[in-house]
Amino acid sequence: MRYPAFPAARPQGSQGGTPRMSTPVRVRFAPSPTGHLHVGGARTALFNWLFARHYRGVFVLRIEDTDLERSQEAYTKAILDGLRWLGLDWDEGPDVGGPHGPYFQSQREDRYRAAIERLLHEGKLYHCFCTAETLEAMRKDQAERKVDIKYDGRCRALDRAEVERRIAAGETFVLRLRRPEREWVEWDDITKGRLSFTSDQLDDLVVVKSDGMPTYNFAVVVDDIDMRITHVIRGEDHISNTPKQILLYRALGAPLPWFAHIPMILGKDRARLSKRHGATSVVEYEKMGYDPEAFRNYLALLGWAPTDHTREILSRDELFAEFTLDRVSSHGAIFDLDKLTWMNAEYIKRFSPATLLAKLRPWLAQIPGFPGGLDEPALVKLAGLYRERLKTYNEILTMADWFFTAPTTYDAKGLEKAAKIGGARGLLNRLLERLRAAPEFAEGPLEALVRSFAEAEGRKFGDVVHLCRLGLSGRTATPGLFEVMAVLGRDRCLARLERFAAVCPT
RNA sequence: GGCCCCAUGGUGUAACCGGCUAACACGCAGCCCUCUCAAGGCUGAGAGCGCGGGUUCGAGUCCCGCUGGGGCUACCA
């Protein structure tokens, strides 16, 4: 499979750096470990991964843990697990390393420090001693006067002596970027087209927090430059961060990467997907019994479509071959659980019984009584019976539990029906006679047996079948009766039917 | 409030640089198949492309305005 090189030059705007061209594609997914992998994040990761694989580039994973308060190590693992579950692999990142590590921002302080010193030296940063209270008051005042809410630059002009004095006095401070005035900040977004802002709309953004840690916007830029990121693919909620970051690229004298802001994933009310819309983290879908490949396939189609959009079931390699950013849509997409579920069922139907059994094992193991004496071939057969009935793996728990523990109660509606046909118990006992004598307990012969039995009895075939089904499973709906009987085997079938005959309507 | 993004059936999308009775899938309804449940097959309802103006022989596709939805407005990422 050959993929084209990323189409190169874009018309370059008046300001800003020049994008690297025709160098190998390098993209990254940069989650912060403050929670589990969210479906929005998962799709961003997926698009980056697909983009990298399509162009035979490099996919980097970087952990953005500069928020000491909220970051937790356990979440880093959770996110990695989520990505692995989806089948994504990264070429550089935590646990695999790479030439541009470390891949945890908390371990890259020397990088930030070097950049800070340079910028400080060049007079591009300044110390700001404003406290949270001061800033809050300032914003409140601005809100009342209905003017733009942004930092008014009151610490911009502090002279060196005062700065040193206040630092010596132990005042805490942040470092802010001196924002240029009346400059265009523009870029050609791959998915949104040309986007432009002016520097006056921007703030003197904080680059270093009072705890000494770099802020998100600063760390991202330093790292993306260091890691030679060529394409920044992220959610469109980052659009407004982009001009700030571009200012940083300029201050650092670095070329701009390409930017591609992909639309958000929304809940039914068209607001960004959140917990109140239902499951939002990828592990929850795993627990609900979704297959990772189906989930990934569904996610890929959320905001993107292949050239031939009539094909929706796409393998990993087909996604690699097909995925390009120009086919990403520009508006948000509602996460549709029904369609995901449909797609999951499509995947299940495509598995061989043996494969499906392997996927089902963790769930089957939770069923009381499992394996209930069923041997491997019977289990494979059982998986085959549910291949076209399961929508999610966890459904096996409630659909097939009776295979492993004989029923003790029988569906009320089923009993009513059994009563209605009259003489059910006698019928069952006569059938039992025949079954005991059946030479072969296999699907075809069993069906032939029951058919001729029904005929001999002057009964409707269906009535006999329903009666047996109820006796074997306690239910009115199961896979085909004779397939079920073959899976259960003669002994279990006879035992269950005998037991049922004892309580069955006469 | 300010700035920015977006707008094709209920949902996800398609419709190449303007030329169709607006297509595919999910979901929904009905029918068929059938031992039940599924699966499968067939048929159907559902948008005239948010609204209003332009441009054009011709606009879902281009332009303007409006409306609606969303995002951002932190020493969070």
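Labels below follow one simple rule: chain letters A, B, ... track the order of the sequence lines, proteins then strands, and each chain is numbered from 1. Just so you know, these numbers use all the heavy atoms, side chains as well, and skip hydrogens, waters and symmetry mates.
Considering only side-chain N and O atoms, A/K391 lies under 4.0 angstrom from the phosphate OP1 or OP2 of B/A39. At least one side-chain nitrogen or oxygen of A/R139 sits closer than 4.0 Å to the OP1 or OP2 atom of B/A74. Considering only side-chain N and O atoms, A/R145 lies nowhere under 4.0 angstrom from the phosphate OP1 or OP2 of B/G2. The side chain of A/T215 places no N or O atom within less than 4.0 Å of a non-bridging phosphate oxygen (OP1 or OP2) of B/C76. Remark: A/R176 is in phosphate contact with B/C75, judged by side-chain N or O atoms under 4.0 Å from OP1 or OP2. Contact annotation: A/H331 side-chain N/O to B/U8 OP1/OP2 distance is under 4.0 Å.
Evaluation of atom-type donor-acceptor distances gives a pair under 3.5 Å for the side chain of A/S210 against the base of B/C75. For B/A14, the base has no donor-acceptor partner in the side chain of A/D308 [N/O atoms by modelled type, under 3.5 angstrom].
Among the nucleotides B/C35, B/C75, B/G27, the one closest to the side chain of A/D338 is B/G27. With B/A77, B/C3, B/C26 as the choices, the nucleotide that has an atom nearest any side-chain atom of A/F197 turns out to be B/C3. If you check B/C35, B/A77, B/A25 against the side chain of A/F461, the one that comes closest is B/C35. Among the nucleotides B/G12, B/C26, B/C72, the one closest to any side-chain atom of A/A333 is B/G12. Here the nucleotide nearest the side chain of A/H309, chosen from B/C24, B/C35, B/A25, is B/C24. Distance from the side chain of A/I149 is smallest to B/A74 among B/C75, B/A74, B/A77. Listed nucleotides B/G12, B/C76, B/C37 differ in distance to A/K209; the shortest reach to its side chain belongs to B/C76. Closest to the side chain of A/R270, from the set B/C76, B/A74, B/G12, is B/G12. Ranking B/A14, B/C6, B/A25 by closeness to the A/K192 side chain, first place goes to B/C6. Comparing B/C5, B/A39, B/C26 against the side chain of A/D336 picks out B/C26 as the nearest.
B/C37 is unpaired under the criterion used here, namely a Watson-Crick or G-U wobble arrangement in which both key atom distances are under 3.5 Å. Figure legend. B/A77 is base-paired to no nucleotide; pairs are counted as Watson-Crick or G-U wobble with both atom distances under 3.5 Å. For B/C3, the paired base is B/G71 (Watson-Crick or G-U wobble, both distances below 3.5 Å). In this structure B/C20 sits in no base pair that meets the Watson-Crick or G-U test at under 3.5 Å. Across the strands present, B/G50 finds its partner in B/C66; the criterion is a Watson-Crick or G-U wobble pair with both atom distances under 3.5 angstrom. Across all strands shown, B/G58 has no partner, as no Watson-Crick or G-U wobble contact with both distances under 3.5 Å is found.
Nucleotides B/C49 and B/U13 place their C1' atoms 14 Å apart, quoted to the nearest Å. To the nearest whole angstrom, the two C1' atoms, one in B/C63 and one in B/G10, are 32 Å apart. Spacing between B/U21 and B/G60 at atom C1', rounded to whole Å, works out to 16 Å. Nucleotides B/A29 and B/G71 are separated by 38 Å at their C1' atoms, to the nearest Å. The separation of B/C16 from B/G52, taken at their C1' atoms, amounts to 29 Å, rounded to a whole angstrom. B/A77 and B/A15 have their C1' atoms separated by 38 Å, given to the nearest Å. For the C1' atoms, the distance from B/U11 to B/C72 is 27 Å, rounded to whole Å. Comparing the C1' positions of B/U67 and B/A38 gives an interatomic distance of 46 Å, to the nearest angstrom.
Cation-pi check for A/R43 over A/F47 is met; the charged atom lies under 6.0 angstrom from the ring centroid and within 45 degrees of its normal. Within the cation-pi definition used here (under 6.0 Å to the ring centroid, within 45° of the axis), A/R166 qualifies as a partner of A/F129. Under a cutoff of 6.0 Å and an axis angle of 45°, A/R176 and A/Y151 form a cation-pi pair.
Ring pair A/F482/A/F461 is parallel by interplanar angle, where below 30° counts as parallel and above 60° as perpendicular. Ring planes of A/Y249 and A/F259: perpendicular class, angle over 60° (limits at 30 and 60°). The aromatic rings of A/W258 and A/H231 lie parallel to each other, their planes meeting at an angle below 30°, with 60° marking the opposite boundary. The aromatic rings of A/H36 and A/Y75 sit perpendicular to each other, their planes meeting at more than 60°, with 30° as the lower class boundary.
With 3.5 Å as the limit, one finds a donor-acceptor pair spanning the side chains of A/Q245 and A/N217.
Within 90° of 0 lies the glycosidic angle of B/C17, which makes this nucleotide syn. In this structure, B/G46 is classed as anti because its glycosidic torsion departs from zero by more than 90°.
When heavy atoms are screened at a 4.0 angstrom cut-off, A/C130 is found touching base atoms of the nucleic acid.
The side-chain ring of A/H238 is stacked on the base of B/A77, judged by centre separation under 5.5 angstrom and plane angle under 30 degrees.
Place A/K244 and A/E236 on RNA chain B by their nearest nucleotides, and A/E236 ends up nearer the 5' end.
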